[in-house]
Participant: 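The structure is given below, and queries will be raised subsequently.
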Amino acid sequence: QLQLVESGGGLVQAGDSLRLSCAASGSTFSGYAMGWFRQAPAKEREFVAAIHRSGGSSSYADSVKGRFTISRDNAKNTVYLQMNSLKAEDTAVYYCAGSRMIVLGNRPDWYDYWGQGTQVTVSS
């Protein structure tokens, strides 16, 4: 059973940067592909980025490509999301998720474990 706790959200202005962290416990972190998703009010949860269990490959939503970077430190049991050049449309609750069953994935239903989320608000 993998437990996930996100942190690092906040209120920033457009153009600013934030780094989200997701600390994992309860299972062997390096055995899980990890993803970041987000959900804005009245919208469905959407894929942001994913990273292979080794950290050797990653994928991104087109809307964040070139601005966001996902990374992981398996020694620290943590996955990160570096967000640069933030826009108002990035405002959402951001969730990290883990899965043992996939290599990389952009669908929420492919992930078995979820954190509680952290709010990111970008003012324009």
Side-chain angles (χ1 to χ4, degrees):
Q1 192 85 351
L2 188 70
Q3 288 88 45
L4 302 170
V5 179
E6 302 95 335
S7 61
L11 172 63
V12 297
Q13 293 188 336
D16 285 351
S17 298
L18 274 178
R19 188 176 81 156
L20 305 183
S21 299
C22 174
S25 62
S27 189
T28 305
F29 178 66
S30 59
Y32 292 80
M34 298 298 296
W36 285 97
F37 293 79
R38 66 188 182 186
Q39 189 165 17
K43 292 190 176 181
E44 291 188 355
R45 193 167 296 190
E46 66 172 0
F47 171 72
V48 175
I51 190 166
H52 186 270
R53 59 179 63 95
S54 70
S57 59
S58 58
S59 64
Y60 297 90
D62 287 343
S63 59
V64 307
K65 204 170 290 184
R67 299 189 297 123
F68 291 11
T69 303
I70 189 172
S71 62
R72 66 189 298 161
D73 185 338
N74 285 344
K76 295 184 177 180
N77 293 344
T78 303
V79 61
Y80 305 97
L81 185 68
Q82 177 67 44
M83 305 186 295
N84 298 331
S85 302
L86 282 161
K87 304 176 182 179
E89 51 263 44
D90 295 319
T91 295
V93 177
Y94 283 72
Y95 298 90
C96 70
S99 173
R100 293 185 64 93
M101 304 303 293
I102 60 175
V103 176
L104 285 175
N106 60 0
R107 287 176 47 171
D109 58 340
W110 288 346
Y111 290 81
D112 303 303
Y113 303 99
W114 293 83
Q116 83 289 347
T118 186
Q119 177 70 47
V120 173
T121 303
V122 184
S123 63
S124 57

Participant: Look only at the side chain of Thr91 and the backbone of Val122, and say whether a donor-acceptor pair between them is shorter than 3.5 Å.
Facilitator: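 A pair under 3.5 Å: yes.
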
Participant: Is a side-chain donor or acceptor of Tyr95 paired with a backbone partner of Glu6 at a separation under 3.5 angstrom?
Facilitator: no

Participant: Using the six-membered ring wherever Trp is involved, compare the ring planes of Phe68 and Tyr94 and label them parallel, tilted or perpendicular (cut-offs 30° and 60°).
Facilitator: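 Plane angle between 30° and 60°, so tilted.
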
Participant: Are Ile51 and Val64 connected in a single hydrophobic cluster, I mean Ile/Leu/Val/Met/Phe/Trp/Tyr linked by side-chain heavy atoms less than 4.5 Å apart?
Facilitator: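 In one cluster: yes.
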
Participant: Report yes or no: do Leu4 and Val120 belong to one cluster of Ile/Leu/Val/Met/Phe/Trp/Tyr joined by side chain heavy-atom distances under 4.5 Å?
Facilitator: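 Linked, Leu4 and Val120 end up in one cluster.
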
Participant: Would you confirm whether Arg72, through its side chain, and Ala33, through its main-chain N or O, come within 3.5 Å as a donor-acceptor pair?
Facilitator: no

Participant: Any salt bridge linking Asp62 with Lys65? Criterion: basic side-chain nitrogen under 4.0 Å from a carboxylate oxygen.
Facilitator: yes

Participant: Mark yes or no for whether Asn74, through its side chain, and Arg53, through its backbone, hold a donor-acceptor pair below 3.5 Å.
Facilitator: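 It does hold such a pair.
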
Participant: At their closest point, which heavy atom of Trp36 faces which heavy atom of Ile70, and how far apart are they?
Facilitator: CD1-CD1, 3.5 Å

Participant: Determine, using the 4.5 Å side-chain heavy-atom cutoff (strictly less than), whether Phe47 and Trp110 are members of one ILVMFWY cluster.
Facilitator: yes

Participant: For atom CD of Glu44, is the number of surrounding heavy atoms from other residues, nucleotides or ligands below 6.0 Å larger than 12?
Facilitator: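 It does not: Glu44 CD has 12 such atoms or fewer within range.
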
Participant: What's the shortest heavy-atom distance between Leu2 and Ser27, and which atoms?
Facilitator: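 Leu2 and Ser27 have their closest heavy atoms at CD1-CB, 4.1 Å.
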
